[in-house]
There are 2 protein chains.
Amino acid sequence: MTLPQATRQRDAERTRAEILEVAQREFARNGYAGARVDEIAALMRTTKRMIYYYFGSKERLYIAVLEKAYAEVREVERTADVEHLAPVEAIRTLAELTFDHHDAHREFIKLVAIENIHQAEHIRKSEVLANLGTPVLDLIERILDSGTASGEFVTEADAIDVHMMISAFCFFRVANQHTFGALFGRDMAAPEHRARLRRMVGEMVVSYLKGPDRSA
Amino acid sequence: MTLPQATRQRDAERTRAEILEVAQREFARNGYAGARVDEIAALMRTTKRMIYYYFGSKERLYIAVLEKAYAEVREVERTADVEHLAPVEAIRTLAELTFDHHDAHREFIKLVAIENIHQAEHIRKSEVLANLGTPVLDLIERILDSGTASGEFVTEADAIDVHMMISAFCFFRVANQHTFGALFGRDMAAPEHRARLRRMVGEMVVSYLKGPDRSA
DNA sequence: GCTCTAATGTACGGACTAGTACGTTAACTG
DNA sequence: CAGTTAACGTACTAGTCCGTACATTAGAGC
């Protein structure tokens, strides 16, 4: 049989994938400037030569890592299934799923933080990422429309605002856990806090959208 | 007169201060690993030799930058005067002040983001920062107690949670503006969005604390 | 099996970068 | 105004790090 064997010694796909995987860890851990090409090579079965063979430069490797990470995240977003729920529960569930999602993709969070330090210059160099629409915005918009129509939501807010509010909470809890922990002595990643904060983000966005008119 | 003149050529205080100032810009712009000691020196009236004379190493310089930045921020927090307001307005105003504060200290925000990428290892090395209490927590606690006593706040939340919620929103808007802008085409720093988001953070925290029991 | 090329390994270069050895001078003290 | 020292400048080093020239081989197609 001439089918590609799992044990074959030369396998472009596999080598490329391994480089991306190891590189993501290294970049997430040390930032762009702090990441070492030699270190990435040392953690692989292959050599530094291959990194340049497949990606050309440290920067293009970094961009490839970003593209892969964003692609995976988008895939998860696409599978969020909350539209069968009533608006209040739909938006609460979406917030909690976003929370779980941030909780589960810490390396991605770090890459985003790193990219912001560099003012997103690498994302802007990538045609793939620059044109990456986000289906979650459409989803939020439909939920908001539905909630406004039924009168459950009274606060005027657009989908981007709501997405931002949810993301801010979830992102901060993961991205800033270290300085927050050092300064306030609270580990936001610990199970007991994690569970409470998860409920909090749902309550927060629902309360906000239901609006202030409670003394009516 | 032997008073130190503004034009004197040798002035330890002034040199030290200038190094810290330039270093803060350089670290905030490029991250810890990306910052160049030579570049800091090139942007000053003095030389690299002085950086090592006063701070000993790149890392100790970085820690000194962090300490100074945190000290300034704490000073601002200390001057927040909202306790004469009723609980709802107090917490709303505090949120908006926090918003303004983040808006005005972008370099500090970046330093915090950078420090989190390094898992706060430098903060933990600093005795000054490790023991930096935060008066804002006491303030929030008093507001919450007051609001709970008057029945205006029904949601159970502690001061750290509320502080986290506010900080997350304000921090994210500044820290993630670049990737957010690149992906969603919205500049959260633009004046029109800035003003709306400022109202949003106040509304958000007030709505959350007032709680869900509006259909009573 | 032979050939051709994609895939891989080795060894090194050139530029950069944190840190320092050594020398000098301004300014305070008495 | 002489002596002392804190403050400062120059020139260099040792090591690091991205990138590459050159050599080699596995495997696909004929």
Side-chain angles (χ1 to χ4, degrees), chain A residues 1-27 29-66 114 118 121-122 125, chain B residues 1-27 29-66 114 118 121-122 125:
Chain A
M1 296 281 132
T2 53
L3 285 175
Q5 314 157 27
T7 50
R8 71 195 274 193
Q9 300 187 14
R10 301 195 165 188
D11 187 334
E13 282 306 306
R14 197 193 176 314
T15 302
R16 234 188 103 93
E18 188 180 3
I19 292 173
L20 280 174
E21 194 182 317
V22 176
Q24 171 165 330
R25 273 212 304 280
E26 174 74 5
F27 280 121
R29 268 211 249 276
N30 303 102
Y32 177 69
R36 299 288 165 246
V37 177
D38 285 288
E39 180 64 15
I40 295 171
L43 295 172
M44 299 188 303
R45 289 183 356 285
T46 176
T47 65
K48 182 168 62 160
R49 178 70 184 76
M50 289 298 96
I51 294 173
Y52 288 92
Y53 183 70
Y54 286 111
F55 298 98
S57 73
K58 180 181 181 179
E59 184 178 19
R60 290 216 292 280
L61 171 61
Y62 176 68
I63 292 175
V65 166
L66 278 180
I114 289 164
H118 298 294
E121 62 167 299
H122 305 103
K125 280 183 189 164
Chain B
M1 295 290 167
T2 54
L3 285 177
Q5 313 158 28
T7 51
R8 73 196 273 193
Q9 299 188 13
R10 300 191 167 192
D11 186 334
E13 283 307 306
R14 196 192 176 312
T15 302
R16 235 187 103 92
E18 187 180 4
I19 292 173
L20 279 175
E21 194 182 319
V22 175
Q24 171 164 333
R25 273 213 304 280
E26 174 74 5
F27 280 119
R29 268 210 249 275
N30 302 102
Y32 176 68
R36 298 286 165 247
V37 177
D38 285 289
E39 180 64 17
I40 296 171
L43 294 172
M44 298 188 303
R45 288 180 358 285
T46 176
T47 65
K48 180 166 62 157
R49 177 72 183 77
M50 287 299 97
I51 293 172
Y52 287 93
Y53 183 70
Y54 285 111
F55 297 97
S57 72
K58 180 182 180 179
E59 184 178 21
R60 290 216 292 279
L61 171 60
Y62 176 68
I63 292 175
V65 165
L66 278 180
I114 289 164
H118 298 293
E121 63 166 296
H122 305 102
K125 280 183 188 164

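Note on naming: letters A, B, ... go to the chains in the order of the sequence lines (proteins, then strands), and numbering restarts at 1 for each one. Reckoned from all heavy atoms, side chains included, excluding hydrogens, waters and symmetry mates. Just so it is clear, the structure is predicted and the values come from calculations on it, not from any experiment.
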Look at the side-chain N and O atoms of [X] and state whether any lies under 4.0 Å from the OP1 or OP2 oxygen of [N].
X: B/Arg49; N: C/dT20; result: no
X: B/Tyr52; N: C/dG19; result: yes
X: A/Tyr53; N: C/dA7; result: yes
X: A/Thr46; N: C/dG9; result: yes
X: B/Thr47; N: D/dG9; result: yes
X: B/Tyr54; N: D/dC8; result: yes

Inset, instruction - Pick base, sugar-phosphate or nothing for A/Ala35, based on heavy-atom distances below 4.0 Å to the nucleic acid. - result: sugar-phosphate
d([atom1], [X]; [atom2], [N]) in whole Å:
X: B/Phe55; N: C/dT20; atom1: CZ; atom2: C1'; value: 18 Å
X: B/Glu13; N: C/dC28; atom1: CD; atom2: C1'; value: 16 Å
X: B/Glu39; N: C/dC16; atom1: CD; atom2: C1'; value: 13 Å
X: B/Ile51; N: C/dT17; atom1: CD1; atom2: C1'; value: 12 Å
X: A/Ile40; N: D/dG19; atom1: CD1; atom2: P; value: 11 Å
X: B/Glu26; N: C/dA18; atom1: CD; atom2: C1'; value: 14 Å
X: B/Arg45; N: D/dA7; atom1: CZ; atom2: P; value: 14 Å
X: A/Arg16; N: C/dA6; atom1: CZ; atom2: C1'; value: 14 Å

Legend entry - Distance under 6.0 Å and angle within 45° of ring axis: A/Lys58 vs A/Tyr32: yes
Inset, instruction - Find out whether B/Glu39 and B/Arg29 are in side-chain contact, i.e. whether some heavy atom of one side chain is under 4.5 Å from a heavy atom of the other. - result: no
Inset, instruction - For the residue pair B/Met44 and B/Ile51, establish whether any side-chain heavy-atom pair is separated by less than 4.5 Å. - result: yes
Taking the minimum atom-to-atom distance to the side chain of [X], which one of [options] wins?
X: B/Ala12; options: D/dA7, C/dG19, D/dG19; result: D/dA7
X: B/Arg36; options: C/dA18, D/dT10, D/dA7; result: C/dA18
X: A/Lys48; options: C/dT8, D/dA7, D/dG19; result: D/dG19

Legend entry - Polar side-chain atom of A/Glu26 near backbone of A/Val37 as donor-acceptor pair, under 3.5 Å: no
Inset, instruction - Rounded to the nearest 0.5 Å, what's the gap from OH on B/Tyr54 to CG on B/Leu61? Could you check? - result: 13.5 Å
Legend entry - Closest-nucleotide ordering on DNA chain C, the 5'-leading residue of A/Thr15 and B/Gly56: A/Thr15
